[in-house]
Amino acid sequence: MEIPELKVIEILKKNRIDLAATLPCDRIKGLLPLIEKNIQTIPLTREENGVGICAGLYLGGKRPVMVIQSTGIGNMINALGSLNLTYDIPLPVLASWRGVYKEAIEAQWQIGKRLPAILDAAGIRYTIIGSKDELGNIDIAIKDSYNNACPHVVLMSPAIWEGSCCDNPVPHEINPRMTHFELKSEIKKPEMTRYEAIKMLAACSDDDIIVSNLGVPSKELYEIKDRELNFYMTGSMGLVSSIGLGLALSQDRHIYVIDGDGSILMNPNVLASIGTCKPENLTIIAVDNAACGSTGNQETCTSSQIDLELLARANGIMDTRKVHKCEELRNALKQRAAFIHTIVKPVNAICKEIPLSAREIKERFMKAVGK
Ligand SMILES: Cc1ncc(C[n+]2csc(CCOP(=O)(O)OP(=O)(O)O)c2C)c(N)n1
């Protein structure tokens with residue numbers, strides 16, 4: 001008898017899938033350890049973050065897949081629309097479909113039964129796999145995603161795995177450890193503007209990749225120095241560092257990310273992912289103006305309460321700096337620190353719209369990185 005979990009692995013391998021971003025579901029607890037054994041795996045803490053990481057991996061030349069519980073699609077819709085559908089970025093998503101087949105958990109019912117309609121309305125392709133006899137359709141869905149550069153969700157019924165003899169994972173115990181934390185972190189009155197900080201980055205970046213945050217930062221970078229190795233975000237708030245991480249894991253070049261305090265606070269999950277993966281070729285420039293600058297400088301809680309450098313350290317990113325002056329930023333960039341907390345004034349330069357479509361941004365970027 002064919003073991004369904006092994007069949008899925010065979011399909012992933014046949015399609016040259018080289019990385020899986022995963023978040024568990026009880027129904028696929030037999031599949032997940034097999035994926036980890038066969039394919040490089042990134043464990044996620046929130047699915048939307050995985051969409052950004054996988055987009056970066058694809059832009060850098062890899063062929064990722066996401067393996068999640070279907071509830072997580074609710075956390076991904078904006079990203080799938082504003083990133084994958086907008087830039088034509090493929091992403092096969094294998095989702096354990098909860099809420100319909102023999103579902104005892106009431107919390108799964110409402111969204112679970114409406115998922116096909118939700119995906120339809122969002123313009124996201126999907127395939128339903130009701131039994132192990134239909135597993136071959138995963139192959140078709142992955143090919144559709146990569147050949148047509150679009151996301152494709154596979155809703156996998158729990159019926160597929162019934163009676164399967166795959167082992168349960170061995171539980172991991174917490175690692176006993178001691179953390180001795182000492183950091184004097186002083187946030188002073190800002191002296192630079194974001195525009196000046198980006199100008200410094202543009203002057204230091206040579207053949208490196210720059211991924212810039214949505215809104216004003218991307219427009220400022222475009223005006224300061226447009227180049228093919230710039231990847232401009234136009235939406236998907238919170239995912240710029242996720243894309244940077246995916247690129248760092250798929251490219252030899254150094255990756256600089258221009259992120260913002262509002263955006264990092266929307267997706268602090270990315271800090272956990274960076275702290276786990278620890279790529280040496282990634283620098284996050286956390287431009288902290290204590291405001292949602294692009295939407296009118298509304299205050300964020302970095303103004304008095306959260307210190308982003310401490311947040312990065314708490315997530316395992318240890319090579320951090322705090323900078324207030326252009327010269328300090330130049331040094332931190334030269335040292336390629338992992339996380340540069342860059343304190344700036346809440347000032348937006350008046351810049352024009354970027355005259356490139358999302359597809360043009362993606363295509364010239366991928367050509368420039370050789371993909
Ligand atoms: C999910 C979502 N919510 C809200 C917005 C609106 N929005 C666009 S940019 C932005 C502020 C970003 O602030 P920050 O990351 O601090 O960067 P800054 O503009 O200050 O450089 C907001 C709230 C959005 N695009 N997406």
Side-chain angles (χ1 to χ4, degrees), residues 52-53 55-56 59 83 190 192-248 251 253-268 270-271 274 279 281-295 297 300 302 308-309 311-312 317 320-324 326 328-330 332-334 336-349 351 354 356 358 361 365:
I53 295 172
L59 293 170
L83 189 52
M192 287 183 272
T193 61
R194 179 180 50 218
Y195 192 86
E196 287 162 349
I198 295 177
K199 212 166 166 185
M200 179 56 73
L201 168 64
C204 294
S205 48
D206 298 328
D207 283 341
D208 308 315
I209 286 169
I210 303 179
V211 193
S212 59
N213 204 14
L214 80 167
V216 180
S218 273
K219 292 183 207 168
E220 290 184 344
L221 175 63
Y222 181 85
E223 185 170 293
I224 290 165
K225 193 174 180 184
D226 179 41
R227 56 209 262 288
E228 294 175 350
L229 286 170
N230 292 351
F231 187 82
Y232 303 106
M233 299 282 291
T234 54
S236 320
M237 182 171 168
L239 296 190
V240 69
S241 288
S242 315
I243 293 179
L245 174 58
L247 278 165
Q251 282 284 311
R253 289 174 199 267
H254 197 81
I255 319 294
Y256 289 109
V257 173
I258 304 167
D259 211 332
D261 48 302
S263 301
I264 290 174
L265 294 175
M266 181 172 278
N267 178 29
V270 71
L271 300 178
I274 295 169
N281 58 338
L282 176 65
T283 298
I284 307 296
I285 301 143
V287 182
D288 188 354
N289 51 10
C292 284
S294 298
T295 46
N297 284 326
T300 71
T302 65
L308 293 178
E309 188 183 13
L311 195 63
I317 305 171
T320 66
R321 307 278 189 285
K322 181 146 6 259
V323 302
H324 295 80
C326 284
E328 292 168 355
L329 176 60
R330 189 210 305 270
L333 290 169
K334 280 205 175 131
R336 301 194 152 178
F339 188 92
I340 309 175
H341 188 191
T342 307
I343 308 297
V344 301
K345 297 177 194 168
V347 174
N348 296 313
C351 298
I354 298 173
L356 298 168
I361 293 168
F365 177 83

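If you read the sequence from its start, that first residue is 1, and numbering goes on from there.
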Identify, with sequence neighbours excluded, every residue that meets side chain to side chain contact (heavy atoms under 4.5 Å, CB included) alongside A349. Y195, E220, C351

Excluding sequence neighbours, so at least two apart, what forms side chain to side chain contact (heavy atoms under 4.5 Å, CB included) with L214? M233, M237, S263

Would L83 and I243 count as a side chain to side chain contact (heavy atoms under 4.5 Å, CB included) here? Give the steps. CA-CA 10 Å; L83 189 52; I243 293 179; 3.9 Å; yes

From T234 atom OG1 to I361 atom CD1, the distance as rounded to the nearest 0.5 Å: 6.0 Å

Should L356 and Y222 be marked as a side chain to side chain contact (heavy atoms under 4.5 Å, CB included) after you check the CA-CA gap, both sets of side-chain angles, and the distance that decides it? CA-CA 10 Å; L356 298 168; Y222 181 85; 4.2 Å; yes

Please report the shortest heavy-atom distance between L308 and H341, naming the atom on each side. N-CE1, 3.6 Å

Quick check against the 3.5 Å criterion: does R227 have a side-chain atom that pairs as donor or acceptor with the backbone of D206? yes

Closest approach of A286 and I264, non-hydrogen atoms and distance? CB-CD1, 3.6 Å

Any side-chain heavy atom of M266 within less than 4.5 Å of one from L239? no

Taking every heavy atom of V344 against every heavy atom of P190, the minimum-distance pair comes out as C-CB, 3.4 Å

Hey, could you give me the OG/CG distance between S242 and L271, rounded to the nearest 0.5 Å? 9.0 Å

Among I210, T342, I285, I224, which residue satisfies the side-chain contact (heavy atoms from CB on, under 4.5 Å) criterion with I198? I224

Gap between atom CG of L282 and atom CD1 of I209 - 0.5 Å precision: 10.5 Å

Nearest-0.5 Å distance that lies between atom OG1 in T302 and atom CG in N289: 7.5 Å

Indicate the atoms forming the closest heavy-atom contact of P217 with R194, along with that distance. CG-CD, 3.9 Å

Between the main-chain N or O of S212 and the side-chain N or O of S218, is there a donor-acceptor pair closer than 3.5 Å? yes

What is the minimum heavy-atom distance between A312 and T320, and which atoms define it? CB-CG2, 4.2 Å

Any donor-acceptor N/O pair, S241 side chain to G244 backbone, under 3.5 Å: no

For N297 and V347, indicate whether the former's side chain and the latter's backbone hold a donor-acceptor pair under 3.5 Å. no

Drop me the distance from I255's CD1 to L229's CG, to the nearest 0.5 angstrom. 9.0 Å

So the salt bridge (charged side-chain N to carboxylate O under 4.0 Å, His left out) pairs with at least one residue in residues 209-219 (sequence neighbours excluded) are K219-E353

With E328 via side chain to side chain contact (heavy atoms under 4.5 Å, CB included) - residues at least two apart: V323, H324, K325

Quick one: closest heavy-atom pair of L245 and P279, and the distance? CD1-CG, 3.7 Å

All side chain to side chain contact (heavy atoms under 4.5 Å, CB included) counterparts of D208, not counting sequence neighbours: S205, H254, Y256, R336

Please check this pair: side chain of N281 against backbone of Q251, looking for a donor-acceptor N/O pair closer than 3.5 Å. yes

What residues, two or more places apart in sequence or in another chain, satisfy side chain to side chain donor-acceptor pair (under 3.5 Å) together with K345? none

Could you tell me the separation between the CG atom of L265 and the CG atom of D288, rounded to the nearest 0.5 Å? 8.0 Å

